[in-house]
**Student:** 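Following this message is one structure expressed as structure tokens.
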Number of protein chains: 2
Amino acid sequence: MDLLSHAFGVHYGDLAAATAQVGLTTSQANTLSVLRGGPAPMRSLAAVLACDASNVTGLVDRLEKRGLVRREPSPVDRRVKNVVLTAEGERTTEEVRGLMATTRAGLGALSGEDREELLRLLTAVFGERSGGAAG
Amino acid sequence: MDLLSHAFGVHYGDLAAATAQVGLTTSQANTLSVLRGGPAPMRSLAAVLACDASNVTGLVDRLEKRGLVRREPSPVDRRVKNVVLTAEGERTTEEVRGLMATTRAGLGALSGEDREELLRLLTAVFGERSGGAAG
DNA sequence: TATTGTTATACTCTATAACTATA
DNA sequence: TATAGTTATAGAGTATAACAATA
């Protein structure tokens with residue numbers, strides 16, 4: 001358990017460094033990561049991000065101000081606003097993913113077998129991965 | 001990598017839930033966790049927690065206000081204040097550890113062999129664990 | 001009536017810069 | 001001069017409560 005905590009701490013450091021490198025917070029990067037799966041209403045974002053809806057307003061405000069996302073009115077429900085990645089938002093999202101993929105050298109050093117084994121064990125403990133929600 | 005992010009997200013949720021259950025934030029719990037290894041000057045805390053020293057002031061302020069830690073003047077350097085866990089601080093720290101140990105059912109369901117294997121792989125990727133710093 | 005998104009408010013975390021007491 | 005801790009300030013994340021528009 002202590003080892004798990006340590007691993008998570010290291011990973012969080014990796015993530016914070018990668019996102020800071022493109023001028024984002026981890027929450028902002030996480031939001032972009034969710035939107036990589038397609039547009040989502042504010043309310044859905046709040047559910048996936050496991051935070052209050054009022055929080056998403058500010059989060060999207062800041063991302064929108066940087067031109068990374070865009071609010072679009074829903075064609076079917078005038079209460080709803082869909083949040084969409086802009087072209088620059090997509091680019092930035094992939095940039096963070098690229099940084100994360102190359103940061104942790106130890107992961108690349110694993111043999112194919114070991115990597116599969118790690119995947120199996122993590123899935124057994126933490127369940128299936130669903131979207132791209134990073135944390 | 002997506003799987004790693006997912007696992008970390010789940011683990012962070014576990015940690016946030018466990019700490020919230022005793023009325024702490026993850027940063028506060030993390031601070032207590034570090035102090036479990038013994039008293040530490042404000043400056044050392046900042047180094048271990050990887051944050052600015054000014055930050056630690058507020059962090060310790062709030063923990064002290066709740067009676068979980070205590071500031072003690074260093075006998076050898078009058079500039080230094082050592083932060084020490086109080087009895088209640090120790091109790092709370094162990095409570096969080098207990099909650100974390102029992103929360104993730106999948107971990108307990110692993111065989112002894114699998115657990116050793118997971119330990120080996122995580123160490124290979126993220127390095128040795130040092131203290132009890134959770135994150 | 002219920003739901004979506006927003007605003008107002010408050011607390012925590014975080015960093016930078018300036019300050020004090022001490023070394 | 002340099003270091004330890006604090007304070008002032010600011011921005012970001014977070015939650016609760018109240019609100020307008022829409023369903």
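Remember, it's a predicted structure, so these values are computed and weren't measured experimentally. We name chains A, B, ... by the order of the sequence lines, and we start the count at 1 in each one.
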**Student:** Whole angstroms only, please: what is the CZ-P distance between B/R43 and C/dA23?
**Tutor:** 16 Å
**Student:** Of the options D/dT6, D/dA23, C/dA23, whose atoms approach the side-chain atoms of A/D77 most closely?
**Tutor:** D/dA23
**Student:** In whole angstroms, how far is the P atom of C/dT4 from the CZ atom of A/R71?
**Tutor:** 16 Å
**Student:** Search all heavy atoms of B/T86 against all heavy atoms of B/G67 and return the closest pair with its distance.
**Tutor:** OG1-O, 2.6 Å
**Student:** For B/R62 and for B/A53, locate the closest nucleotide of DNA chain C by heavy-atom distance; then report the residue assigned to the nucleotide nearer the 5' terminus.
**Tutor:** B/R62
**Student:** Tell me: CD of A/Q28 to P of D/dT14, nearest whole Å?
**Tutor:** 10 Å
**Student:** At what distance, to the nearest 0.5 angstrom, does OG1 of B/T123 lie from NE2 of A/H6?
**Tutor:** 8.5 Å
**Student:** For B/D52 and for A/L59, locate the closest nucleotide of DNA chain D by heavy-atom distance; then report the residue assigned to the nucleotide nearer the 5' terminus.
**Tutor:** B/D52
**Student:** To the nearest Å, give me how far apart CE (B/M42) and P (C/dA21) are.
**Tutor:** 17 Å
**Student:** Please state whether the base of D/dT14 and the side chain of A/S54 form at least one donor-acceptor pair under 3.5 Å?
**Tutor:** no
**Student:** Show the nearest heavy-atom pair for residues A/H11 and A/M100, with the distance to one decimal.
**Tutor:** NE2-CE, 3.6 Å
**Student:** Of all heavy-atom pairs between A/Q28 and A/L63, which one has the smallest distance, and what is that distance?
**Tutor:** CB-CD2, 3.8 Å
**Student:** Just how far, in rounded Å, is P of D/dT14 from CG of A/L45?
**Tutor:** 12 Å
**Student:** Counting just side-chain N and O atoms, does A/T25 come under 4.0 Å of either OP1 or OP2 of D/dG13?
**Tutor:** yes
**Student:** Measure CG/B/N30 against C1'/C/dT14 and give the value in whole Å, please.
**Tutor:** 14 Å
**Student:** Just N and O in the side chain of B/N55: are any of them under 4.0 Å from OP1 or OP2 of C/dA15?
**Tutor:** yes
**Student:** At less than 3.5 Å, do the side-chain atoms of A/R78 and the base atoms of D/dT22 form a donor-acceptor pair?
**Tutor:** no
**Student:** How many Å lie between CZ on B/R79 and C1' on D/dT6, as a whole number?
**Tutor:** 14 Å
**Student:** Assign B/T57 to base, sugar-phosphate, or nothing according to its heavy-atom contacts below 4.0 angstrom with the strands shown.
**Tutor:** base
**Student:** About how many Å separate CG of A/L118 and CG of B/L3, when rounded to the nearest 0.5 Å?
**Tutor:** 7.5 Å
**Student:** Can you measure B/K81 atom NZ to C/dA21 atom C1' for me and round it to whole angstrom units?
**Tutor:** 10 Å
